[in-house]
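Numbering of residues begins at 1 and proceeds along the displayed sequence. In this text, all values refer to a predicted model and were calculated from it rather than measured experimentally. FYI, side chains are in, hydrogens and waters are out, and symmetry mates aren't considered; it's all heavy atoms of this structure.
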Amino acid sequence: MKKNIAILGSSGGNLYNLGGKHPEKLLSEIFIQCDSAGINISAIQFIGAEVSMDTAKKHSQAGLYILREAKPTRIFEGTLTVVNDKASSIDSKIAEDVRNGKIDGLITMSIDPEGSNKEAILAAAEKGIPIVGTGGTSMAITASKGANVISTSGTTGTTSRTRAVSFVSSLSKFWGIKYQPVIGGPAETRSGNPFKRINIRGIMMSSLPAFIALALILALSKIPGLSGLGEIFDLLLEALPVVIAAIAAKQVSDLDEVSIVAGIIAGVLSMDGGIIGGMIGGIGAGLLVQFLFLKCVQWRFPMTTVNIVAGGFSGILSGLLVFYLIGPLALMLGNYIKLVIEQAVTFSPLLAGAVAGLLIWPAILGGIYHAAILPIVLLEMEKSGNSFLGAVDMVSLVIVAAGINLANIIAPRDKGEAAIATPGFMINLGFGTFVESAYPFMFSNKLVFGGALLSAGIGGALVGIFNVRGTAYLPSFVAPFASDNVIGFIISMLITFTCSFLITIFANKVVKRRNATVVENRGIVDGK
């Protein structure tokens with residue numbers, strides 16, 4: 001038979017700073033875990049104050065949440081005194097449901113067992129139903145009233161998610177219910193399938209802002225008077241594996257701050273392995289966080305201890321593995337990939353650049369860019385803050401798209417296309433991205449598509465000839481200054497832009513002339 005529970009609580013003192021000030025999110029985490037266990041939430045009485053209960057006064061503002069339409073709903077607002085009085089009626093109703101056997105257990109958080117929760121706790125003690133919760137003082141008072149407290153914990157070091165998992169794990173074990181904690185939200189990312197959450201592409205994409213910050217610092221350090229930023233650049237360069245590790249651990253485990261802490265610890269220990277080492281360390285930390293967290297919950301460790309063990313030990317264990325064993329191999333692999341690119345450029349800069357430029361559009365259209373090219377760009381940037389393929393990206397993708405868009409602003413096939421091209425052009429030049437804006441024009445005209453490939457090949461060849469190292473994802477007027485060859489990068493951009501612009505202008509005129517001829521011929525036929 002399905003079990004019914006009630007959630008009693010307040011935003012609390014210490015709890016306020018650990019999720020209590022966001023009641024909807026705090027309660028929604030419990031809903032997610034209860035749903036996984038097949039436990040029904042039949043009642044809620046939660047008082048959310050606008051300040052911590054440690055400093056709250058009688059006139060402090062608060063809100064009262066109850067269960068309405070199967071979700072927590074704020075039904076009343078006022079001073080804390082008035083809200084507490086209003087909550088008493090909810091307390092009496094929950095106590096009645098407990099005595100009538102409609103509620104089988106309680107989840108409590110920073111409750112007031114001698115005030116707004118008095119009746120419900122007395123009823124729970126009479127019926128002997130299980131109670132789990134947080135709040136040292138309140139849980140001690142609850143237990144002293146003879147209530148069946150099966151699990152209690154402090155709030156220090158916990159999160160809304162980890163507390164919810166702990167609550168539902170304890171109740172499920174007490175009732176003999178099969179429960180699989182939901183880590184990350186969707187059903188396909190439940191704790192039983194942690195490896196499904198490993199996504200190299202997602203980790204790299206999420207880490208991209210750190211690499212762009214590195215490129216910006218590099219550009220600024222070249223401005224006279226700002227050469228001191230070179231030390232900041234070196235510091236950020238060393239921190240990249242830590243960023244990658246923290247993101248990897250968060251995505252694999254998604255246990256909020258616990259997984260982030262584990263990832264940072266693993267990342268610091270994985271720094272000598274480069275970004276590949278950082279990624280391996282972070283993924284390992286994420287997997288271990290989940291494993292240790294669930295084990296500690298099963299062993300009924302206090303939740304604060306659970307988080308310390310899961311976050312600290314998993315980061316240390318994974319980090320040490322990379323530090324002593326995997327790190328040197330990871331660094332070797334990263335260096336080998338960069339060496340292959342360097343050797344290709346050294347062998348024939350023009351050929352290497354032209355091939356990269358010609359292939360980069362098919363790569364992004366085929367979905368290979370983010371899965372293969374971007375990680376290699378980031379590997380190159382790890383060494384110097386810029387990249388050969390990054391320069392090809394900017395010249396052969398972004399600048400080509402900008403040329404196509406500007407041509408469709410100045411001389412479109414029809415007036416409506418100018419409105420479509422304008423925002424794309426602005427984003428291309430202003431942010432160094434959104435090459436997809438050129439797709440409508442490329443897919444609707446073979447000449448434009450061919451021109452894009454030709455221009456990209458020319459741009460890549462120029463990047464090779466000038467031996468440029470740079471990056472996209474920066475404003476076009478900034479990108480050259482983040483490269484190792486400012487003049488060569490500017491020339492490559494200008495020639496490529498002009499090429500794609502003129503070819504698109506020509507293609508649009510051909511289409512307009514053809515359309516005009518068709519219309520004219522139809523007119524002659526109609527005249528006959």
Q | Donor-acceptor pair, side chain of Thr159 and main chain of Thr162, under 3.5 angstrom | A | yes
Here the gap from Ile491 atom CD1 to Phe466 atom CZ, rounded to the nearest 0.5 Å, amounts to 4.0 Å
d(Gln33 CD, Gln180 CD) to nearest 0.5 Å is 10.5 Å
**Request:** Could you walk me through whether Ile364 and Tyr439 pass the side-chain contact (heavy atoms from CB on, under 4.5 Å) test, one step at a time?
**Result:** CA-CA 11 Å; Ile364 197 168; Tyr439 286 178; 3.8 Å; yes
Query - Non-hydrogen side-chain atoms of Asp393 and Ile373 separated by less than 4.5 Å - result: no
Identify each donor-acceptor pair in which a side-chain atom of residues 404-412 lies under 3.5 Å from a protein atom, sequence neighbours left out, and give them as a table.
from   : atom 1 : to     : atom 2 : distance (Å)
Asn405 : ND2    : Ala401 : O      : 3.1
Asn405 : ND2    : Asn428 : OD1    : 2.8
Asn405 : ND2    : Ser437 : OG     : 2.9
Asn408 : OD1    : Asn508 : ND2    : 3.1
Asn408 : ND2    : Ile404 : O      : 2.8

Those residues at least two apart in sequence (or on a different chain) that pass side chain to side chain contact (heavy atoms under 4.5 Å, CB included) with Glu382 are Ile275, Lys338, Leu379
Test your reading of the model: is there a side-chain donor-acceptor pair from Ser169 to the backbone of Ser166, 3.5 Å cut-off? no
Discussion item. Please check this pair: side chain of Ser253 against backbone of Ala249, looking for a donor-acceptor N/O pair closer than 3.5 Å.
Written reply: no
Inset, instruction - Give the intermediate values and the outcome of side-chain contact (heavy atoms from CB on, under 4.5 Å) for residues Leu374 and Leu208. - result: CA-CA 9 Å; Leu374 182 60; Leu208 184 59; 4.3 Å; yes
Shortest non-hydrogen pair, Ser500 vs Gly403, comes out as OG-CA, 3.3 Å
**Side-chain heavy atoms of Asn467 within contact of Asn485, under 4.5 Å** = no
Nearest heavy-atom approach of Ala482 to Ala215 is CB-O, 3.5 Å
In terms of heavy-atom contacts, Val252 and Gly286 come closest through CG1-C, 3.8 Å
Residues passing the side chain to side chain contact (heavy atoms under 4.5 Å, CB included) test with Leu454, sequence neighbours excluded, are Ile458, Ile503
Tabulate below the donor-acceptor pairs under 3.5 Å that side-chain atoms of residues 313-329 make, not counting sequence neighbours, or state none.
from   : atom 1 : to     : atom 2 : distance (Å)
Ser314 : OG     : Ala310 : O      : 2.3
Ser318 : OG     : Gly281 : O      : 2.6
Ser318 : OG     : Ala285 : N      : 3.2

Tightest non-hydrogen contact, residues Leu453 and Leu358, listed as O-CD2, 3.3 Å
Q | Distance-only donor-acceptor check, side chains Ser387 and Glu380, under 3.5 Å | A | yes
When every non-hydrogen atom of Ala248 is compared with those of Ile203, the smallest separation belongs to CB-CD1, 3.7 Å
Residue pairs passing the side-chain hydrogen bond (donor to acceptor under 3.5 Å, both in side chains) test with at least one member in residues 203-219, sequence neighbours excluded, are Ser206-Gln251
Check your understanding: Taking the six-membered ring for Trp, are Trp299 and Phe301 parallel (under 30°), tilted (30 to 60°) or perpendicular (over 60°)?
Key -> tilted
d(Leu331 CG, Ser270 OG) to nearest 0.5 Å is 12.0 Å
Residues pairing under salt bridge (Lys or Arg N to Asp or Glu O under 4.0 Å) where one sits in residues 397-413, two or more places apart or in two chains, turn out to be Arg413-Glu417
> Tell me, do Val435 and Trp361 make a side-chain contact under 4.5 Å, heavy atoms counted?
Replying inline: yes
Tell me if a side-chain donor or acceptor on Ser396 pairs with a main-chain N or O of Ala456 at a distance below 3.5 Å.
yes
Inset, instruction - Mark yes or no for whether Asn386, through its side chain, and Thr471, through its backbone, hold a donor-acceptor pair below 3.5 Å. - result: no
Exercise. Taking Ser483 for the side chain and Pro480 for the main chain, is one N or O donor matched with an acceptor at less than 3.5 Å?
Worked result: yes
Residues passing the side chain to side chain contact (heavy atoms under 4.5 Å, CB included) test with Leu494, sequence neighbours excluded, are Ile490
Sorted by chain and residue number, the salt bridge (charged side-chain N to carboxylate O under 4.0 Å, His left out) partners of Lys295 (sequence neighbours excluded) come out as none
_Is there a side-chain contact between Phe167 and Thr134 in this structure, where contact means two heavy atoms from C-beta onward sitting under 4.5 Å apart?_
yes
- Query: Can you check whether Val510 reaches Phe506 side chain to side chain, under 4.5 Å on heavy atoms?
  - Reply: yes
Glu231 meets the salt bridge (charged side-chain N to carboxylate O under 4.0 Å, His left out) criterion, sequence neighbours left out, with none
Checklist entry - Do Ser259 and Lys250 have side chains that get closer than 4.5 Å, going by heavy atoms? => result yes
*asked:* Is there a side-chain contact between Ser476 and Met394 in this structure, where contact means two heavy atoms from C-beta onward sitting under 4.5 Å apart?
replied: yes
Can you give each donor-acceptor pair under 3.5 Å made by side-chain atoms of residues 49-57, sequence neighbours left out, with the distance rounded to 0.1 Å?
from  : atom 1 : to    : atom 2 : distance (Å)
Ser52 : OG     : Gly13 : O      : 3.1
Ser52 : OG     : Asp54 : N      : 3.2
Thr55 : OG1    : Ser52 : O      : 3.2

Hits for side chain to side chain contact (heavy atoms under 4.5 Å, CB included) against Leu235, two or more places apart or cross-chain, chain-then-number order -> none
Ala472 and Ile212 have their tightest heavy-atom pair at O-CD1, 3.8 Å
So NZ of Lys509 and CG of Leu447: to nearest 0.5 Å the spacing works out to 14.0 Å
Point to revise | Phe291 CZ: over 12 foreign heavy atoms closer than 6.0 Å | key: no
Side-chain heavy-atom pair Ser221, Leu226 within 4.5 angstrom cut-off = no
Stepwise side-chain contact (heavy atoms from CB on, under 4.5 Å) test for Met109 and Phe46
CA-CA 9 Å; Met109 296 170 285; Phe46 191 92; 4.1 Å; yes
Would you find more than 12 non-hydrogen atoms of other residues, nucleotides or ligands less than 6.0 Å from Phe431 atom CZ? no
task = Test side-chain contact (heavy atoms from CB on, under 4.5 Å) on Gln61 and Glu77 and set out the steps.
result = CA-CA 7 Å; Gln61 293 296 304; Glu77 296 179 12; 5.6 Å; no
Taken to the nearest 0.5 Å, the spacing of Lys25 NZ from Ile30 CD1 works out to 11.5 Å
Side-chain donor-acceptor pairs under 3.5 Å in residues 339-356, sequence neighbours left out?
from   : atom 1 : to     : atom 2 : distance (Å)
Thr346 : OG1    : Glu342 : O      : 2.7
Ser348 : OG     : Leu351 : N      : 3.3

The reported gap from CG in Leu292 to SG in Cys296 (rounded to nearest 0.5 angstrom) is 6.0 Å
